[in-house]
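Each remark here refers to the structure printed beneath this line.
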Amino acid sequence: MVAIRLYNTRTRQEEELVPLIPGKLRMYVCGPTVYDRAHIGNARPVVVFDTLFRLLRHVYGEGAVTYVRNFTDVDDKINAKAAQTGRPIRDITDETIGWYHDDMDALGALRPTHEPRATEYIGAMIAMIADLIDRGHAYAAEGHVLFDVRSYAEYGRLSGRSVDDMIAGARVEVAPYKRDPMDFVLWKPSDDSLPGWESPWGWGRPGWHIECSAMAKELLGETFDIHGGGIDLQFPHHENEIAQSCCASHTGKFANIWMHNEMLQVEGKKMSKSLGNFFTVRDLLDQGYPGEVIRFVYLGTHYSKPMDWTHEKAEQAEATLRKWRERTRDVIPGEVHPGVLQDLADNLNTAGAIAELHVLANAHDAPTLLASARLMGLLTEELGGWETEGPADGATLSALDDLARRLARLREVAMDTKNFSEVDTLKQALIAAGVEVRMSKAGVELLPGAGFDAEKVWALKG
RNA sequence: GGCGGGUUGGCGGAGAGGUUACGCAGCGGAUUGCAAAUCCGUGAAGACCGGUUCGAUUCCGGUACCCGCCUCCA
């Protein structure tokens with residue numbers, strides 16, 4: 001069995017993945033707050049950990065891997081949207097979850113084993129909060145329950161911060177009911193306009209961090225193998241998860257390996273609404289970027305480095321995938337290339353693995369290329385189809401066929417007369433219409449290419 | 001202020017203390033009426049300053065610059 005090595009943020013070093021339960025692998029990844037379409041930054045961890053999920057299933061067996069990714073469906077952003085639109089919260093979250101599934105499916109991400117909704121685990125959260133109070137790690141105050149960061153000596157270990165340093169930064173909410181400014185909310189009161197649940201501390205709703213601790217415990221147990229998410233979650237979210245879970249557990253342990261993907265940028269800049277470079281996955285799909293192309297761009301940069309989304313990368317990815325799909329058409333997948341597997345097992349080096357795929361393609365080893373690419377969720381049947389669809393409808397395609405025949409006739413004549421001016425005129429017009437013109441001894445082939453303009457084609461047909 | 005990431009050939013982007021990354025673009029060739037597509041081949045690198053070493057782009061220290069998180073936005 002291939003040894004998988006992963007960089008562990010918790011220990012700041014690369015480690016061999018040794019399942020806590022032999023033969024079983026348990027992974028938790030922080031999922032979305034469901035109040036709007038997922039943007040392309042949200043999608044990076046989805047693709048990264050989907051690729052890891054696929055690798056783990058390949059190595060340990062499909063049934064041996066349990067992957068949990070939550071939906072945060074109780075949150076003030078959702079409440080705000082409900083208040084703004086007058087729609088019921090459940091409508092909003094159901095709709096958003098549907099979008100999320102559609103969009104992530106389009107990127108070739110497998111559905112996790114479990115996708116728990118926070119609102120379905122309120123009981124487990126209340127139980128964990130009560131347990132934390134009993135153990136002296138949390139306290140109720142003015143309808144809130146707060147975690148006492150001073151009660152947990154390891155607080156700040158994951159993110160390499162000390163409580164005192166963070167207070168010096170003075171970016172924390174100071175509330176009179178807090179014992180320490182860094183204490184964070186486990187439970188907070190709700191008024192009539194907000195969603196809430198009965199609890200020992202009154203009508204209220206959970207703080208953000210407790211849901212992951214509670215759901216991970218319910219679905220994976222007190223300890224498990226891998227916890228993933230974006231690096232932005234390292235503090236405070238993951239720090240707080242660790243504090244809650246470790247203080248509420250019998251072993252004092254939580255996730256074994258912590259993995260964080262770096263952030264995504266757009267054309268070299270932070271994606272933000274104010275810069276106008278903010279895209280949802282749906283935006284890109286609607287603009288015509290196939291989901292597989294988006295996935296390929298993501299996998300082209302190692303997850304531990306900032307990734308830049310650029311149009312140029314997407315174009316190159318599309319050209320590469322187009323070529324590979326042509327080469328693997330009707331090919332039966334062979335064995336996964338050991339080099340590809342080795343690269344993925346080496347801290348999920350997807351960029352290195354893609355380089356190996358290029359080598360396989362150049363070596364004309366289509367069966368191995370296909371099997372290896374599929375391990376990464378590329379060249380799969382589900383993601384295919386886009387490469388042959390093209391931007392032309394059926395009628396336009398038949399118009400192209402007519403033009404191809406006309407061009408072929410003109411060319412035959414020109415071969416005899418040695419006067420190619422008419423052929424070249426038509427060819428240039430076709431190229432100007434975004435048509436790829438392929439002429440060979442076998443004949444003439446016209447394909448809709450980049451910048452294809454159906455109107456110009458119809459004008460040429462006359 | 002605290003924490004973290006980065007700086008590699010024209011562009012993108014990896015690994016490895018000594019031997020070709022890889023892709024795109026470029027260049028040469030095959031093919032083509034000319035092209036396109038395809039195929040074959042090929043030049044080009046590691047911010048700066050020190051240190052360790054027989055040897056560093058790769059390890060260590062420092063400098064500069066870029067970026068992110070700590071704040072509703074991943």
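Lettering of chains follows the sequences in order, A, B, ..., and the numbering in each one begins at 1.
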Can Ser159(A) and Arg161(A) be counted as having a side-chain donor-acceptor contact under 3.5 angstrom? yes

Polar atom pairs (N or O), protein with nucleotides 20-24 of chain B, under 3.5 Å:
{"residue": "G23(B)", "atom": "OP1", "partner": "Asn362(A)", "partner atom": "ND2", "Å": "2.5"}
{"residue": "C24(B)", "atom": "OP1", "partner": "Lys323(A)", "partner atom": "NZ", "Å": "3.4"}
{"residue": "C24(B)", "atom": "O2'", "partner": "Gln316(A)", "partner atom": "NE2", "Å": "3.2"}

Just checking [X]: base, sugar-phosphate only, or nothing, at a heavy-atom cut-off of under 4.0 Å?
X	answer
Leu447(A)	nothing
His260(A)	nothing
Tyr35(A)	sugar-phosphate
Gln265(A)	sugar-phosphate
His39(A)	base

Taking the six-membered ring for Trp and the full ring for Phe, Tyr or His, determine whether the centres of [X] and [Y] are under 6.0 Å apart.
X	Y	value
His260(A)	His238(A)	yes
Trp309(A)	Tyr289(A)	yes
Phe254(A)	Phe224(A)	yes
His237(A)	Trp208(A)	yes
Tyr155(A)	His137(A)	no

Interatomic distance at [atom1], [N] relative to [M], whole Å:
N	M	atom1	value
C22(B)	A45(B)	C1'	14 Å
C70(B)	G12(B)	P	27 Å
U52(B)	G18(B)	C1'	16 Å
C27(B)	G10(B)	C1'	13 Å
G4(B)	C11(B)	P	30 Å
G43(B)	G2(B)	P	48 Å
G5(B)	G50(B)	P	26 Å
A56(B)	U42(B)	C1'	27 Å

Which one of Arg325(A), Glu318(A), Glu387(A) satisfies the side-chain contact (heavy atoms from CB on, under 4.5 Å) criterion with Glu292(A)? Arg325(A)

In a check of side-chain contact (heavy atoms from CB on, under 4.5 Å) between Tyr35(A) and each of Asp75(A), Asp73(A), Ile78(A), which one passes? Ile78(A)

Please list each protein N or O that sits under 3.5 Å from an N or O in nucleotides 33-35 of chain B, with the distance.
{"residue": "G33(B)", "atom": "N1", "partner": "Asp424(A)", "partner atom": "OD1", "Å": "3.0"}
{"residue": "G33(B)", "atom": "N2", "partner": "Asp424(A)", "partner atom": "OD1", "Å": "3.3"}
{"residue": "G33(B)", "atom": "N2", "partner": "Asp424(A)", "partner atom": "OD2", "Å": "2.8"}
{"residue": "C34(B)", "atom": "O2", "partner": "Lys427(A)", "partner atom": "NZ", "Å": "2.8"}
{"residue": "C34(B)", "atom": "N3", "partner": "Lys427(A)", "partner atom": "NZ", "Å": "2.9"}
{"residue": "A35(B)", "atom": "N6", "partner": "Met439(A)", "partner atom": "N", "Å": "3.2"}
{"residue": "A35(B)", "atom": "N6", "partner": "Met439(A)", "partner atom": "O", "Å": "2.0"}
{"residue": "A35(B)", "atom": "N1", "partner": "Val437(A)", "partner atom": "O", "Å": "3.4"}
{"residue": "A35(B)", "atom": "N1", "partner": "Met439(A)", "partner atom": "N", "Å": "3.0"}

Does the side chain to side chain contact (heavy atoms under 4.5 Å, CB included) test come out yes or no for Met259(A) and Asn8(A), once each step is laid out? CA-CA 6 Å; Met259(A) 290 178 69; Asn8(A) 188 350; over 6 Å; no

Pair Asp105(A) + Arg111(A): basic N to acidic O under 4.0 Å: yes

Take Glu15(A) and Arg5(A) through the side chain to side chain contact (heavy atoms under 4.5 Å, CB included) test and state the conclusion after the steps. CA-CA 5 Å; Glu15(A) 296 174 4; Arg5(A) 297 186 61 81; 5.8 Å; no

Going by the rule salt bridge (charged side-chain N to carboxylate O under 4.0 Å, His left out), which residues pair with Arg179(A) if we only count those two or more places apart in sequence or in a different chain? Asp148(A)

Would you check, one step at a time, whether the test side chain to side chain contact (heavy atoms under 4.5 Å, CB included) holds for Met415(A) with Phe420(A)? CA-CA 8 Å; Met415(A) 292 285 209; Phe420(A) 289 90; 4.2 Å; yes

Go through the steps to decide whether Asp50(A) and Met104(A) satisfy the test side chain to side chain contact (heavy atoms under 4.5 Å, CB included), and finish with yes or no. CA-CA 10 Å; Asp50(A) 175 69; Met104(A) 298 308 123; over 6 Å; no

Between the protein and nucleotides 41-48 of chain B, which nitrogen or oxygen pairs come in under 3.5 angstrom?
none

Could you pull out the protein-nucleic contacts involving nucleotides 3-9 of chain B (nitrogen or oxygen on both sides, under 3.5 Å)?
{"residue": "C3(B)", "atom": "O2'", "partner": "Ser159(A)", "partner atom": "O", "Å": "3.0"}

Which string of ( ) [ ] | and . matches RNA chain B, if you list each base 5' to 3' and count Watson-Crick or G-U pairs only when both distances are under 3.5 Å? (((((((..(((.....[...))).(((((.......)))))....(((((..]....))))))))))))....

